A.B. asks: 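Have a look at this one.
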There are 4 protein chains.
Amino acid sequence: MGVLSILRESGIFGCMETGSFASEARHLGKAARTRAKLMDAAVGVFARDGFEAASVNEIARAADVVNGTFYLHFKDKDDIAAAVAYRIATDVTRQLDAAMADIGDAIERTSTATRRFIEFMSARRDWGLALFRAVWFFRDLRGDVVNHLRADLERGRKQGAFTVEIDNFLIDTFASMTMSALFARLNGNVGADAGSRVAELQLRMLGVPAKRAKAAAWKKLPVLEIAVGNEAKKAGR
Amino acid sequence: MGVLSILRESGIFGCMETGSFASEARHLGKAARTRAKLMDAAVGVFARDGFEAASVNEIARAADVVNGTFYLHFKDKDDIAAAVAYRIATDVTRQLDAAMADIGDAIERTSTATRRFIEFMSARRDWGLALFRAVWFFRDLRGDVVNHLRADLERGRKQGAFTVEIDNFLIDTFASMTMSALFARLNGNVGADAGSRVAELQLRMLGVPAKRAKAAAWKKLPVLEIAVGNEAKKAGR
Amino acid sequence: MGVLSILRESGIFGCMETGSFASEARHLGKAARTRAKLMDAAVGVFARDGFEAASVNEIARAADVVNGTFYLHFKDKDDIAAAVAYRIATDVTRQLDAAMADIGDAIERTSTATRRFIEFMSARRDWGLALFRAVWFFRDLRGDVVNHLRADLERGRKQGAFTVEIDNFLIDTFASMTMSALFARLNGNVGADAGSRVAELQLRMLGVPAKRAKAAAWKKLPVLEIAVGNEAKKAGR
Amino acid sequence: MGVLSILRESGIFGCMETGSFASEARHLGKAARTRAKLMDAAVGVFARDGFEAASVNEIARAADVVNGTFYLHFKDKDDIAAAVAYRIATDVTRQLDAAMADIGDAIERTSTATRRFIEFMSARRDWGLALFRAVWFFRDLRGDVVNHLRADLERGRKQGAFTVEIDNFLIDTFASMTMSALFARLNGNVGADAGSRVAELQLRMLGVPAKRAKAAAWKKLPVLEIAVGNEAKKAGR
DNA sequence: AATGAATGAGGCTTCATTCAT
DNA sequence: AATGAATGAAGCCTCATTCAT
């Protein structure tokens, strides 16, 4: 079974009408469902208005509960933002892990991480935009993701594939390139190849020869094959 | 006269007590002086509190005028932000132009632009932080600066120094790397070599051979030489 | 049996962990026990936060039941306050009655009532503080206690011991002196002799000669003697 | 000229329609007038609802300004309460001082202070009720008044007129008697002789012989003579 | 030009109370 | 009997904006 089918089964690339959190909480208690509704609403409002401009009232309204209900579930705006950030970080990390479980080569891993991250976050438009509008409050998201990234970069360094020093500065630079590409993608300033484009640039920056960089960054990801294929569907479920 | 001396005479690297805008407006009418005071105050407040959290009252208080006076000069917070952004963009552009007036080589120009920009914005800590805290409202700042950048990148492409396609996506990526380095610098996460470090990475990304990239990015900038000596003026370039 | 042993057996001077009301309701139905738990909690919260600042939610939390349960037992905060006040008034009256059953002399009765009241309410710190923090809502408490007081004062008047007119104004004044002493005691502004001190002042005010007033107010109360001795039991009644 | 005529001329016993603070601020700036209006309104609301139940919104409404205006003049409810308490304390102290300037005998001073205080506070019904409903927040009021009281009591002790020890406990008891009488007066439970009645009781308590106590407490205060007489006006000064 | 008092909308938060389970 | 989620009114406070002086 291919990578994307995993994603698919997890419901992540499914329809978003009811909100990702809410649909996961469908079978939980009432409180959990309301909490999830609020979190979905918060993501939406953060995405639309940005974190600062978002108001608790607005989040509650978007979640279709009265404002008082909000405080039954969260202490304040920071609280729900932290909850959302944590959930997104967890989800992203889990998905990337799954998507890259069987890739050993550092060059492949590095470019795949960038491409999958952008793919994933643009599929969940609200998440991506919320990230975009509230970067500073989604700081936590960085932790895990960055740790994985660092590991891959260091592996590449040891394998001799990358010729730059791996430190926080490099990682920040690398990450900001990915973010910039994601934002361009979300804003419609670039097509579906945003991931490949930026991945290629990143590899070049790291010291990968141009040719190899292009090959790795544009290599078809198993995903696509599975997405269209027939036997995939069988395998799908 | 050398590059830095231009910067110096412009008062930019001097002390900031009275605020950059106010000191420039010293000889203008009272209205212009108040307007400048407000703009300086706004930069400071944006830098300290971020754009969203900044309040008109706070800006007025920081400018030492009553709140009502604000509205004599600006329509609202967005208005003053735009004015500030425009002035900063103009200043930055002018300074970079001056600093790079006599550099012909695209590789040199590109890396110098990045390094000077970071140098300049970290010297004017408030400007940098305001940019940092209010990126979205300083969007306009991009316009001019980006145009110059595009010109240099295309020149490099034509000269055969750069081997990537120059389009908006590349420019965004390039700019986000510079920004990321500036922010790291302002936050104290990296030393004074932030400019060189990121410039080297940018050149590698653009296709400049590692050795050449390192040489260009870390080359001593004429600045210092020019600042002290007389013959430096000759040596300047 | 002596006076204090009555107090002791009633559990009043014992430890307060479970709350006075709750421990009395130990053998009643579940509803009664919950009601008692709520009343104990209410006293505690009134004592800590004052009546106005106390919230139904807080009382319920302190009683370890959910907020909805409160309304099964009381209409609102006033309702539970009234219930608490009634119970406290009843208890106090009962205890004072018991403690003074065998005292005939009006001077003795008057000073003993004041001293016992202060002793009793400072032993039950929560009750005293609740009284202190919610005087206006414990108005009802006055009724019974005041009636007894009036009887003693009038008796003293008839016996010729007191030389002032006994009316509501005098009783209010007398009561406010006792209260003031209790509050000073609860606040730690005066020691265990608060009762004797104020009783002496009250007797002087009523017209009792200074010497006699001092003697009556500072006379050792039977309590202690009775509490330990055996013959005390005889003396008891 | 007699004491009361001073009070009268000061406008204090005059009509209260516009509020004591506001009428004093009539000739000050707009801000001061609004501030005074708010303080008058606050006294009224405290008197009606008590301090805890009073809301900033309600005070603003009573002062006929919008709620936002409140915060232009006071930080919060505590702030205005402190301002009001300070003003009342100052006024009361000043009036009592004036009313007792020429009394030397401690017995006279003590009973006059009590009687004047009650007279003064019941004339300013709102002040008295506010004191009544918000004792804890008018703590500051005690400071000055109590210091004067202490001085008079100690003077009496030294003169041999009082035979009790003068300490905080006694002063608290004494003050609570005065308060109790004031409250009875405000509630209509006692007539205009409340001051004399309680003053007599206080003197007895302090050790003044019954006869002397009665004489001092019920002695006509110059006020009354002046209020009615003609020659008083001459004598006034 | 500037002042600064006033406005009123809107955000945050708590809490008494109800109601379906 | 008890639960606990939800409600919505009401209180607190800030702030952009206006306006008379």
Side-chain angles (χ1 to χ4, degrees), chain A residues 29-35 37-38 52-61 63-78, chain B residues 29-35 38 52-61 63-79, chain C residues 29-35 38 52-61 63-79, chain D residues 29-35 37-38 52-61 63-78:
Chain A
K30 195 179 186 191
R33 289 201 309 275
T34 305
R35 195 168 201 276
K37 253 201 309 184
L38 281 163
E52 312 260 8
S55 79
V56 168
N57 281 359
E58 189 58 30
I59 293 171
R61 197 172 310 129
D64 215 44
V65 296
V66 300
N67 57 4
T69 299
F70 177 92
Y71 294 94
L72 223 49
H73 299 279
F74 300 97
K75 204 172 73 56
D76 53 23
K77 204 169 56 167
D78 278 26
Chain B
K30 193 177 186 187
R33 289 204 308 275
T34 302
R35 195 170 201 275
L38 281 164
E52 311 263 5
S55 77
V56 169
N57 283 0
E58 187 59 29
I59 293 171
R61 196 174 313 131
D64 219 42
V65 297
V66 299
N67 55 3
T69 300
F70 178 92
Y71 292 93
L72 287 178
H73 300 279
F74 301 98
K75 199 171 74 59
D76 54 22
K77 203 166 59 165
D78 279 25
D79 192 26
Chain C
K30 192 176 185 188
R33 289 203 309 276
T34 302
R35 194 168 201 276
L38 280 164
E52 310 264 6
S55 77
V56 170
N57 282 359
E58 187 59 29
I59 293 171
R61 197 175 312 132
D64 218 43
V65 298
V66 300
N67 54 4
T69 300
F70 178 92
Y71 292 92
L72 286 179
H73 299 280
F74 300 98
K75 199 171 75 58
D76 53 22
K77 202 167 56 167
D78 279 26
D79 192 25
Chain D
K30 193 179 187 191
R33 288 201 311 274
T34 304
R35 197 169 198 275
K37 255 200 308 183
L38 280 164
E52 312 260 10
S55 78
V56 169
N57 281 359
E58 188 59 29
I59 294 171
R61 198 173 310 129
D64 215 44
V65 297
V66 301
N67 60 3
T69 300
F70 177 92
Y71 294 95
L72 222 49
H73 298 279
F74 300 99
K75 205 172 72 57
D76 53 22
K77 204 168 54 166
D78 278 26

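Bear in mind that the values here come from a model prediction, so they are computed numbers and not experimental data. Order of the sequence lines sets the chain letters (A, B, ...), proteins ahead of strands, with each chain counted from 1.
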A.B. asks: Do V56(D) and D76(D) have side-chain heavy atoms sitting under 4.5 Å apart?
C.D. replies: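 The answer is no, as the side chains (C-beta and beyond) never meet within the 4.5 Å cut-off.
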
A.B. asks: Could you give the CG-to-C1' distance, from N57(D) to dT7(E), as a whole number of Å?
C.D. replies: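 Interatomic distance, CG of N57(D) to C1' of dT7(E): 14 Å.
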
A.B. asks: Between D79(C) (CG) and dA16(E) (P), how many Å, whole number?
C.D. replies: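 Roughly 14 Å, once rounded to whole Å.
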
A.B. asks: Provide the closest heavy-atom pair for T34(D) versus H73(D) in the form atom of the first, atom of the second, distance.
C.D. replies: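 Minimum heavy-atom separation between T34(D) and H73(D): CG2-NE2, 3.6 Å.
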
A.B. asks: K77(B) and E52(B): which non-hydrogen atoms are nearest, and at how many Å?
C.D. replies: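 The pair with the smallest heavy-atom distance is NZ-O, 3.2 Å.
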
A.B. asks: How long is the straight-line distance from CG of D64(B) back to OG1 of T69(B), given to the nearest 0.5 Å?
C.D. replies: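 Reported to 0.5 Å precision, the distance equals 10.5 Å.
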
A.B. asks: When you measure from every atom of DNA chain E, which of residues 64-71 of chain D have a heavy atom less than 4.0 Å away?
C.D. replies: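 Nucleic-acid contacts, sorted: V65(D), V66(D), N67(D), G68(D), T69(D).
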
A.B. asks: Both V56(B) and A31(A) contact DNA chain F. Taking the nearest nucleotide for each, which residue is further toward the 5' end?
C.D. replies: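 Mapping each residue to its closest nucleotide by heavy atoms, the 5'-most match is A31(A).
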
A.B. asks: Quickly work out the I59(A) CD1 to dT13(E) C1' distance and round it to whole Å.
C.D. replies: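 The answer, rounded to whole Å, is 14 Å.
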
A.B. asks: Give each stem of DNA chain F as a range with a range, requiring at least 3 consecutive Watson-Crick or G-U wobble pairs whose two distances are under 3.5 Å.
C.D. replies: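 Only these stems qualify: E:2-21 with F:2-21.
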
A.B. asks: Identify the 5'-most and 3'-most nucleotides of DNA chain F with at least one atom closer than 4.0 Å to a non-hydrogen atom of chain C.
C.D. replies: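 The contact span of chain C on DNA chain F goes from dA1(F) to dA6(F).
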
A.B. asks: Just wondering, more than 12 heavy atoms not from N57(C) lying within 6.0 Å of its CG?
C.D. replies: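 Yes - once you tally the heavy atoms of other residues, nucleotides and ligands closer than 6.0 Å, there are more than 12.
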
A.B. asks: Is A53(B) touching bases, backbone alone, or none of the nucleic acid, heavy atoms closer than 4.0 Å?
C.D. replies: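 Contact class for A53(B): none.
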
A.B. asks: Using heavy atoms to find the nearest nucleotide of DNA chain E for H73(D) and A54(A) separately, return the residue whose nucleotide is more 5′.
C.D. replies: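 The residue whose closest nucleotide sits nearer the 5' end is H73(D).
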
A.B. asks: Measure the CZ-CG distance between R35(A) and L72(A) for me, rounded to the nearest 0.5 Å.
C.D. replies: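 So the gap between those two atoms works out to 11.0 Å.
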
A.B. asks: Testing the basics here: between L38(A) and I59(A), what is the closest heavy-atom pair and its distance to 0.1 Å?
C.D. replies: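 So the minimum-distance heavy-atom pair works out to O-CG2, 3.8 Å.
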
A.B. asks: Closer to the 5' end of DNA chain E via nearest nucleotide, is it S55(A) or T34(D)?
C.D. replies: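 Per heavy-atom nearest nucleotide, the more 5' residue is T34(D).
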
